[in-house]
Asks: 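This is the structure I have questions about; it appears just below.
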Amino acid sequence: MVSASPHSAHALGAPAGLAAVLAVSAGAAYLLAARRLRRRGDEWPWSRDAFFGAGQAALAAVALAPVPGGEFTAHMVRHLVVGMAAPLLLVLGRPVTLALRALPAGPVRRALRAVVRTRLFGPLFLPPVAALLDVGGLWLLYRTRLFARVHDHPWLHAAVHTHVLAAGLLFGFALCQLDPVRHRYGLPLRAATLVAAGTAHGVLAKTLYGAPPPGTAFTGPDLARAAEMMYYGGDLVEIALAAVLARQWYTATGRRGVPAAPTATGRQRQLSRRQAFSGPCDVGAATVAQKAHWWAASKSPRRVTASGARESGR
């Protein structure tokens, strides 16, 4: 049975260092690609750099920095960052779009485009499937003896966190659909998937109040704090995801709601020319005096001066 050990949560050693190096390297590659776009005159919002950089910094921080609190509480903080907060920040940075725009034409770019549009990986981007892989994996981790088996093995622990990160990224990509994918699903399906996934995540957090993961013996206060962290922290990330979907819904409905500019008919254009020529008076017609003056001026003889300009004969 796994007991609470103050050192086992930080004893990841080489896997933690490798994770930090990969996070920093990915962040540096992203910034270099964005700089390349801007140097050649392409537009790339700085906010995306901030989102992606914050996600990579969060991953590096939880891999190296000690987390305060009990052992299970510290583990849950890492779970929230690796599986929920960091994936959302990375998805908001649109790394696939950046790679497709920054990579030169060639086999690497074609391979990346083929991966995101292939039928083989298409079902993984179906929102319910991505949610099942994400939240279902957490149920498997915390409600079976899997957590107890990998708890004291650093490389297995790192493999579990890698799966949590990959599942979180997949869920974020499928739900937000900011990067190019083979098939785009409607907002109702994605919103319903978010509600269902959030409910399953909240129920899992509540089950941890009453019973720890099988094969573990965490203290009561540590278990309660970890469960609260999972419950309320998950709610915050899910609210952020809901805000992304709401903005997409507002943008889509706003564009459809803008009325098209009316096109003037031939009769309307003719009336407009007549009104502009005669000048508006009362309800848009010229007065009798104005019409008489215009008729007299049009009937007066004209002569051509030496300079070639036409003058009235009066």
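Side chains included, hydrogens not; waters and symmetry mates left out as well; all remaining heavy atoms used.
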Asks: What distance separates L133 CG from L140 CG, expressed to the nearest 0.5 Å?
Replies: 11.5 Å
Asks: Does any non-hydrogen side-chain atom of T97 lie less than 4.5 Å from one of L178?
Replies: no
Asks: Would you say that V237 contacts L80 through its side chain, given a criterion of any heavy-atom pair below 4.5 Å between the two side chains?
Replies: no
Asks: Hey, could you give me the CE/OG1 distance between M230 and T207, rounded to the nearest 0.5 Å?
Replies: 7.5 Å
Asks: Minimum heavy-atom separation for L189 and P128, please, with both atom names.
Replies: CD1-CG, 4.1 Å
Asks: Has R109 got a side-chain atom pairing as donor or acceptor with P104's backbone, closer than 3.5 angstrom?
Replies: no
Asks: Dump the intermediate steps for side chain to side chain contact (heavy atoms under 4.5 Å, CB included) on V203 and K206, then the final yes or no.
Replies: CA-CA 5 Å; V203 171; K206 289 183 177 181; 5.7 Å; no
Asks: Going through the distances and angles, do H79 and L138 end up as a side chain to side chain contact (heavy atoms under 4.5 Å, CB included)?
Replies: CA-CA 10 Å; H79 152 70; L138 297 179; 3.4 Å; yes
Asks: If you define the side chain from C-beta out and look only at heavy atoms, does anything of V96 sit under 4.5 Å from F173?
Replies: yes
Asks: Would you say V91 and I239 are hydrophobically clustered, going by side-chain heavy atoms of ILVMFWY under 4.5 Å?
Replies: no
Asks: Look at atom CZ of R35 and say whether more than 12 heavy atoms of other residues, nucleotides or ligands are closer to it than 6.0 Å.
Replies: no
Asks: Do L37 and V108 share a hydrophobic cluster (ILVMFWY, side-chain heavy atoms under 4.5 Å, transitive)?
Replies: yes
Asks: Once rounded to the nearest 0.5 Å, what's the spacing between atom CE of M84 and atom NE2 of H201?
Replies: 4.5 Å
Asks: Restricting to non-hydrogen atoms, name the atom on L204 and the atom on Y142 that form the minimum distance, rounded to 0.1 Å.
Replies: CD2-CD1, 4.1 Å
Asks: What pairs with R40 under salt bridge (charged side-chain N to carboxylate O under 4.0 Å, His left out), at least two apart in sequence or on another chain?
Replies: D42
Asks: Any sub-3.5 Å donor-acceptor pair from Q248's side-chain atoms to C176's backbone N or O?
Replies: yes
Asks: Among the clusters formed by ILVMFWY side chains lying less than 4.5 Å apart, do W249 and L241 turn up in the same one?
Replies: yes
Asks: Same cluster or not: L169 versus V115, using hydrophobic residues (I, L, V, M, F, W, Y) connected whenever any side-chain heavy atoms lie under 4.5 Å apart?
Replies: yes
Asks: Under 3.5 Å, side chain of R190 to main-chain N/O of Y185, donor-acceptor pair present?
Replies: yes
Asks: Where is the tightest heavy-atom contact between D222 and E71, given as atom of each residue plus distance?
Replies: OD2-N, 3.2 Å
Asks: Which heavy-atom pair separates G55 from A86 by the least distance, and what is that distance?
Replies: O-CB, 3.9 Å
Asks: Sub-3.5 Å donor-acceptor pair from the side chain of H161 to the main-chain atoms of H157, do we have one?
Replies: yes
Asks: Rounded to the nearest 0.5 Å, how far apart are CG of L103 and CZ of R110?
Replies: 11.5 Å
Asks: Backbone N or O of P214 within a donor-acceptor pair of the R145 side chain at under 3.5 Å?
Replies: no
Asks: Within this structure, what is the CG-CG distance for the pair L165 and L90, rounded to the nearest 0.5 Å?
Replies: 7.0 Å
Asks: Under a 4.5 Å cut-off applied to non-hydrogen side-chain atoms, are F52 and L92 in contact?
Replies: no
Asks: Looking only at heavy atoms, what is the nearest atom pair of A227 and A205, with distance?
Replies: CB-O, 3.5 Å
Asks: Just so I know, are the side chains of Q56 and V24 near enough to count as touching, which here means a heavy-atom distance under 4.5 Å?
Replies: no
Asks: Quick one: CZ on F218 to NE2 on H75, what's the gap to the nearest 0.5 Å?
Replies: 7.5 Å
Asks: Decide whether a cation-pi geometry holds between R94 and W44; the criteria are a distance under 6.0 Å from NZ or CZ to the six-membered ring centre and an angle within 45° of the ring axis.
Replies: no
Asks: Given H163 and L141, is the side chain to side chain contact (heavy atoms under 4.5 Å, CB included) satisfied, shown in steps?
Replies: CA-CA 11 Å; H163 166 77; L141 176 63; over 6 Å; no
Asks: Return the minimal non-hydrogen interatomic distance between A131 and T193, and the atom names on each side.
Replies: CB-CG2, 3.7 Å
Asks: When hydrophobic residues are tied together by side-chain contacts of less than 4.5 Å, even through go-betweens, does V82 share a cluster with Y232?
Replies: no
Asks: Side-chain contact test, heavy atoms from C-beta onward, threshold under 4.5 Å: evaluate it for F72 versus P213 and give yes or no.
Replies: yes
Asks: Contact between L170 and V129 at the side-chain level, heavy atoms closer than 4.5 Å - yes or no?
Replies: no
Asks: Do other residues, nucleotides or ligands put more than 12 heavy atoms under 6.0 Å from R39 CZ?
Replies: no
Asks: Would you say that P221 contacts T73 through its side chain, given a criterion of any heavy-atom pair below 4.5 Å between the two side chains?
Replies: no
